[in-house]
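Quick note on labels: first sequence line is chain A, next is B, and so on, each numbered from 1. From a predicted model like this one, the values you see are computed outputs, not experimental measurements.
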2 protein chains.
Amino acid sequence: MPKPRWLSKDEEEVWFAYILFSRQLAAGMERQLAGSGVSGADYQMLAPLAEAGAAGMRPRDLGHSAGWDRSRLAHQLRRMEQRGLVTREQAEDDARGIVVHLTEAGRAALRAASPGHIEWVRENFLELITPAERRMLVELSERVMAKLEPESRPR
Amino acid sequence: MPKPRWLSKDEEEVWFAYILFSRQLAAGMERQLAGSGVSGADYQMLAPLAEAGAAGMRPRDLGHSAGWDRSRLAHQLRRMEQRGLVTREQAEDDARGIVVHLTEAGRAALRAASPGHIEWVRENFLELITPAERRMLVELSERVMAKLEPESRPR
DNA sequence: GGGCAATTGCTGATGTATCAACAACTTTGC
DNA sequence: GCAAAGTTGTTGATACATCAGCAATTGCCC
């Protein structure tokens with residue numbers, strides 16, 4: 001740890017614990033999903049698309065729901081289209097836009113991945129934290145994000 | 001969200017709140033560091049190397065301190081060597097191994113990035129959580145990681 | 001001391017994430 | 001109507017992360 005006014009022992013403990021925790025939890029989730037043939041990124045596309053049903057979704061709205069910017073979305077959707085999970089069609093009412101639909105394979109991929117994913121979330125997160133901790137986490141998230149928010153919204 | 005026994009409202013709230021929170025905090029940290037010309041990955045290499053001083057470090061030990069596998073390390077160190085932040089030399093006592101040293105530019109990069117990074121961590125994390133929350137976070141991290149650990153250690 | 005397993009580090013392929021720049025279209029304001 | 005400004009989506013470059021596989025060396029064990 002470098003020189004200029006580094007963190008105290010206590011501060012360091014919390015920060016390092018949190019960093020390690022958040023990375024390992026994310027990695028664990030990614031690994032579990034990968035076992036079902038989808039990535040976390042895939043899942044974030046598949047889930048809202050399945051809810052949207054036959055109407056499909058505009059990338060813009062997918063972007064809002066996932067908190068992604070347009071570029072990330074375009075790359076992700078291109079890869080998913082190549083794998084046959086989604087289709088992209090010209091939007092009727094806006095010549096700039098497209099509409100994304102799930103294919104049957106996309107729906108199948110989500111059906112295959114969901115139960116295991118949900119089970120994993122319960123087992124490795126929800127069931128390990130007390131109601132008091134749940135409340136704390138929600139409040140904490142709001143507090144921290146309120147401070148971050150200004151610069152952290154996708155453009 | 002999909003059909004098979006999805007999460008309850010309460011569960012969903014905690015999980016989504018946590019996911020959003022952890023991603024935005026990580027993104028915010030990354031953005032702050034990027035403003036100083038280093039990435040989070042760079043920082044994780046630079047900080048322990050600075051502590052090691054003239055002795056340098058073996059990639060194996062860097063890997064342990066960062067929790068990375070050998071491959072990720074090799075790629076990262078290659079990029080950092082190309083940018084002139086570190087050097088790689090043959091280890092004296094082990095013909096398989098190498099020793100990584102900070103260059104003067106590497107030390108300068110860390111000096112330039114540290115104060116802002118530490119300040120950011122205080123401002124956007126440490127100062128926003130109460131002592132009780134700190135304790136909870138540390139305990140919660142241990143509990144969750146104890147369950148994850150088996151499969152989540154680098155090979 | 002000879003063979004075999006483990007350690008150490010690298011590479012190439014693929015997927016993921018961000019940035020800057022662009023093209024096409026729509027909206028707004030006059 | 002029309003020019004300026006904003007929206008929507010794409011691309012290419014670069015960095016980051018993971019996986020599988022390789023090569024060299026070391027250490028172990030008989």
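Between the side chains of Asp42(A) and Gln76(A), a donor-acceptor pair is found at a separation under 3.5 Å.
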ask   = How would nucleotides 1-10 of chain C be written as a contact map, 5' to 3', with B for base contact, S for sugar-phosphate-only contact and - for no contact, using protein heavy atoms under 4.0 Å?
value = ------BBBS

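For Arg79(B), there are no salt bridge (charged side-chain N to carboxylate O under 4.0 Å, His left out) partners two or more places apart in sequence or in a different chain. For Ser71(A), there are no side-chain hydrogen bond (donor to acceptor under 3.5 Å, both in side chains) partners, not counting sequence neighbours. With sequence neighbours left out, the salt bridge (charged side-chain N to carboxylate O under 4.0 Å, His left out) criterion links Arg72(B) to no other residue. Listed by chain and number, the residues in a salt bridge (charged side-chain N to carboxylate O under 4.0 Å, His left out) with Arg107(B) are Glu104(B) (sequence neighbours excluded). Partners of Arg78(B) according to the side-chain hydrogen bond (donor to acceptor under 3.5 Å, both in side chains) rule, which considers only residues two or more places apart in sequence or in another chain, are His75(B). In this structure, the side-chain hydrogen bond (donor to acceptor under 3.5 Å, both in side chains) partners of Glu81(B), at least two apart in sequence or on a different chain, are Arg88(B). Here Arg58(B) pairs with Asp94(B) under the salt bridge (charged side-chain N to carboxylate O under 4.0 Å, His left out) rule; sequence neighbours left out.
The interatomic distance linking Met80(A) (CE) with dG15(C) (C1') rounds to 13 Å, in whole Å. Here dG15(C) presents its P atom at 16 Å from CG of Leu33(A), a figure rounded to the nearest Å. Atom CD in Gln24(B) sits about 11 Å away from atom P in dT18(C), given to the nearest Å. The CG atom of Asp69(A) sits 9 Å away from the C1' atom of dC19(C) (whole-angstrom rounding). In this structure, Gln90(B) places its CD atom 14 Å from C1' of dA23(D), rounding to the nearest Å. Nucleotide dT14(C) holds its P atom 14 Å from the CZ atom of Arg78(A), rounded to whole Å. Distance CE (Met57(A)) to P (dG9(D)): 11 Å, rounded to an integer number of Å.
Residue pairs meeting the ring pair (Phe, Tyr, Trp, His ring centres under 6.0 Å) criterion with at least one member in residues 96-118 of chain B, sequence neighbours excluded: Tyr43(B)-His117(B).
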Which atoms of nucleotides 2-5 of chain D (N or O only) lie under 3.5 Å from a protein N or O atom, and what are those distances?
none

Grab the N/O contacts between the protein and nucleotides 14-16 of chain D below 3.5 Å, and write none if there aren't any.
from    : atom 1 : to       : atom 2 : distance (Å)
dC16(D) : OP1    : Ser39(B) : OG     : 2.7
dC16(D) : OP2    : Arg79(B) : NE     : 2.9

Could you pull out all donor-acceptor pairs under 3.5 Å where a side-chain atom in residues 13-20 of chain A meets a protein atom, sequence neighbours excluded?
none

